[in-house]
Amino acid sequence: MLYICCVPFLVYCNRISFKHFSPSGKHKFLGYIQCKAAMPQLCDLAIHVNGQQIFFLNQKILSAYSGKLKKIIGKEKRKSQVKNLSIGIDNFPGGPHGFEMVSRFCYNHGKIKITVSNVALLHCCAVFLGMTENLSPGNLLKQTETFLDGMIHWSWHDIIASLKSCESFFTYSDTSGLVEKLIFSLLEKLAQNSDIATLIASSSSSSSSPETASRFRFSSSAKTTPESTKPGSSSKQWWFDDLIILPPMIIEKIIANMGACGTDNNSFILTKFLLHYLKNAVLNCKGGAKSTVLYSRADYAGLAGTAVHGVSRNSFSCRGLFSVLRIVSGCGLSRDCRAKLERLIGGMLDQATLDDLLISGHDDRGVFDVNLVIRLMRIFVSSDFLSSQKLKKVGRLIDKYLCEISPDQNLETSKLLGVVESLPDSARDCFDGVYRAIDIYLESHPTLSFEERSRLCSCLNFGKMSLEACKDLAKNPRIPPNIAVQALKSQHSKIPQSDYPFSVKDVEGPSTSSSSGHMVLHSDNVERLSQETQEMRMNIQRMQWRVMELENACREMKGRISKVVRYDVNVMSSTPPYNYSRSPFPRLC
């Protein structure tokens, strides 16, 4: 939408005050006629600013302050030889708002109120339009430079407010060197705190560039003011919340000027600040805050990468690394940095908890990020110096994780199998937990085919399942019959032959009275084992009968279907086409 603004017309109407005319409508109308008649003389220049708004201004007034506009107007006059001109200005700092402020400055005889919030915009506009002393003494550029020279006396919040104002015209303010000047002043305020000064010195010394390291030799004689250092806060993190309002490109400039950008970051404090900043940025983006909707995930990728490099060079717990992963995952982290962070987490996966693994997915294919857990397990298994104790600890953790993710309706069978098979069998002393997770998955996914259920149960190691779990599996209607038979057979084969009730020793009987006590105990053990063996045999027989019944029912159904088809063909050949009052199909229910 294109807006039209006539600054001189408003100024002229204010000068022709209607209070000089009588209250009658005639005199009021005459005042309007005077304003309208003066329009062609006042507004002989139309300026299109960034294709967003049109300003109708006076050529002479603007040419008195702007060298660039004076040059453009003269060139257009020589071309067209017309009195009223129309020109366009693109990429103007601050857009129509900035141009309106400059217009008011010109029409107010070179006067405007300059504050910390608008000095950056006015300075960039003055540089863009060439508003120098050669055209008018005390021009806008001189006034803004004088105001910026007093930056040393600004407060901490004044500098932040001025940096924040550069957000909408960052490219031009950065090119003109204004952003770097404000950042130097900000870092000088930080350097007044001894802890921060140590931070900057350590970060600068670690940089590979000598030029970067020489930027921060601030004067140690600068006195700390109560407002700038906040003496009530003794923590190093007092400045974290103040800087989170700044856009990501300015934060990147601040970190770069500290010599801790990208792989140069080895500072624990700067890493903590970046994580704090990114966490708030992600929350604001999810909440739809107005200050962050202009930025995408890619705009935070550089800061996220710098944070990951800092994490890799400092000591973080396993839970801390998972927290870092949750933060940077929503910031467009590069693949290399993500792989670096996952290698750190995978190496200490035995220290993780169930809550750490339950990371939400970033797509519609599942509630949890199962692929991440699979990658972490593969890293853990392939790590050096892997002990059996750590492996089994991770195995118990993964079994709990399987039970948590199994009810997910969007979880694919291949992903559940991927989690189970990412660990070797030696990581589990017992497969009861895996069976429990599979049972939950089958219950929450009732539409799985016979082949899918069989493939899912193929990951079970029946030899490492308890007798109770195998009994439950045999009675479970969701388990394919052939899988149940295999499970019961594996349990039957685990019982050693020496424990069977019919052994040679039992038949011969005791030779002396001294062995009678032993024989009584052995007989009790034999009776218990005999009962368990008999029960397993009965379960196997029941499962075999069940398989036979299903096969007979299938054959019977096929025969009935073939009869129905033959009967339907005979009816169709002998019955007129209109006589379908009785259906040839039998009632199946």
Side-chain angles (χ1 to χ4, degrees), residues 163-164 166-175 179-180 183 186 203 206-209 212 239-314 316 320-346 359-365 369 371-373 375-376 379:
L163 274 172
K164 175 67 176 176
C166 298
E167 183 176 9
S168 60
F169 51 96
F170 172 77
T171 303
Y172 198 85
S173 60
D174 185 34
T175 305
V179 171
E180 190 170 9
I183 288 176
L186 180 75
S203 300
S206 65
S207 174
S208 59
S209 172
T212 305
W239 47 278
F240 282 17
D241 289 331
D242 293 336
L243 297 186
I244 60 175
I245 66 171
L246 297 177
M249 54 274 191
I250 292 182
I251 296 296
E252 282 190 14
K253 298 286 287 186
I254 293 175
I255 299 299
N257 278 281
M258 285 183 171
C261 187
T263 55
D264 293 331
N265 180 26
N266 64 353
S267 170
F268 181 69
I269 297 177
L270 286 181
T271 302
K272 285 182 63 178
F273 163 69
L274 288 175
L275 294 174
H276 178 74
Y277 177 82
L278 293 172
K279 181 179 180 180
N280 282 272
V282 171
L283 292 176
N284 291 335
C285 287
K286 290 181 178 179
K290 293 182 179 179
S291 59
T292 55
V293 294
L294 297 176
Y295 304 108
S296 63
R297 296 174 58 185
D299 294 321
Y300 296 96
L303 295 177
T306 300
V308 170
H309 288 300
V311 167
S312 64
R313 297 184 180 183
N314 291 278
F316 278 78
L321 291 176
F322 272 105
S323 299
V324 172
L325 182 61
R326 283 184 171 90
I327 293 172
V328 299
S329 293
C331 299
L333 187 66
S334 64
R335 288 186 178 182
D336 293 340
C337 292
R338 186 179 183 88
K340 186 175 186 178
L341 184 58
E342 289 180 1
R343 285 195 296 271
L344 292 175
I345 299 175
I359 298 178
S360 59
H362 297 284
D363 50 28
D364 297 331
R365 290 175 291 179
D369 194 350
N371 291 329
L372 168 66
V373 177
R375 292 196 300 270
L376 294 178
I379 294 172

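Count residues from 1 along the sequence.
A donor-acceptor pair is defined here as one N or O able to donate and one able to accept, closer than 3.5 Å; no such pair exists between the side chain of Tyr300 and the backbone of Gly330.
Taking the side-chain contact (heavy atoms from CB on, under 4.5 Å) definition, one finds that Leu321 meets it with Val311, Phe316, Leu341, Leu344, Ile345, Met348, sequence neighbours left out. Evaluation of the side-chain hydrogen bond (donor to acceptor under 3.5 Å, both in side chains) rule for Asn314 yields no partner, not counting sequence neighbours. A search for salt bridge (charged side-chain N to carboxylate O under 4.0 Å, His left out) contacts involving Asp174 returns Lys253, not counting sequence neighbours. Partners of Thr271 under the side-chain hydrogen bond (donor to acceptor under 3.5 Å, both in side chains) rule, at least two apart in sequence or in another chain, are Asn265. With sequence neighbours excluded, no residue satisfies salt bridge (charged side-chain N to carboxylate O under 4.0 Å, His left out) with Glu252. Applying the side-chain contact (heavy atoms from CB on, under 4.5 Å) test to Thr263 and every residue at least two apart in sequence or in another chain returns His309, Arg313.
To the nearest 0.5 Å, the span separating CD on Glu167 from CD1 on Ile245 amounts to 9.5 Å. Separating the CD1 atom in Ile255 from the CG atom in Leu274 is a distance of 4.5 Å, to the nearest 0.5 Å. In this structure, Phe240 CZ and Asn280 CG are separated by 11.5 Å, a value rounded to the nearest 0.5 Å. Annotation: the span from Leu275 atom CG to Leu278 atom CG amounts to 6.5 Å, rounded to 0.5 Å. To the nearest 0.5 Å, atom CZ of residue Phe273 and atom CG of residue Leu303 are 8.5 Å apart. Note: Ile359 CD1 to Leu325 CG = 4.5 Å, rounded to the nearest 0.5 Å.
Proximity of Tyr295 to Pro248: side-chain heavy atoms (C-beta onward) are separated by under 4.5 Å at one or more points. Considering only heavy atoms from C-beta on, Ile254 comes within 4.5 Å of Ile250 through its side chain.
With 3.5 Å as the limit, one finds no donor-acceptor pair spanning the side chains of Arg326 and Ser360.
Across Thr306 and Gly262, no two heavy atoms sit closer than the pair OG1-N, 3.0 Å. Nearest heavy-atom pair across Ala256 and Cys261 is CA-CB, 3.9 Å. The shortest heavy-atom contact between Ala260 and Leu270 is CB-CD1, 3.5 Å. Across every non-hydrogen atom of Leu372 and Arg338, the tightest pair is CD1-NH2, 4.4 Å. Across every non-hydrogen atom of Ser329 and Arg297, the tightest pair is O-NH2, 2.8 Å. Pairing each heavy atom of Gly332 with each of Ala301, the nearest pair is O-CB, 3.1 Å.
Within 6.0 Å of NZ in Lys279 there are 12 or fewer heavy atoms belonging to other residues, nucleotides or ligands.
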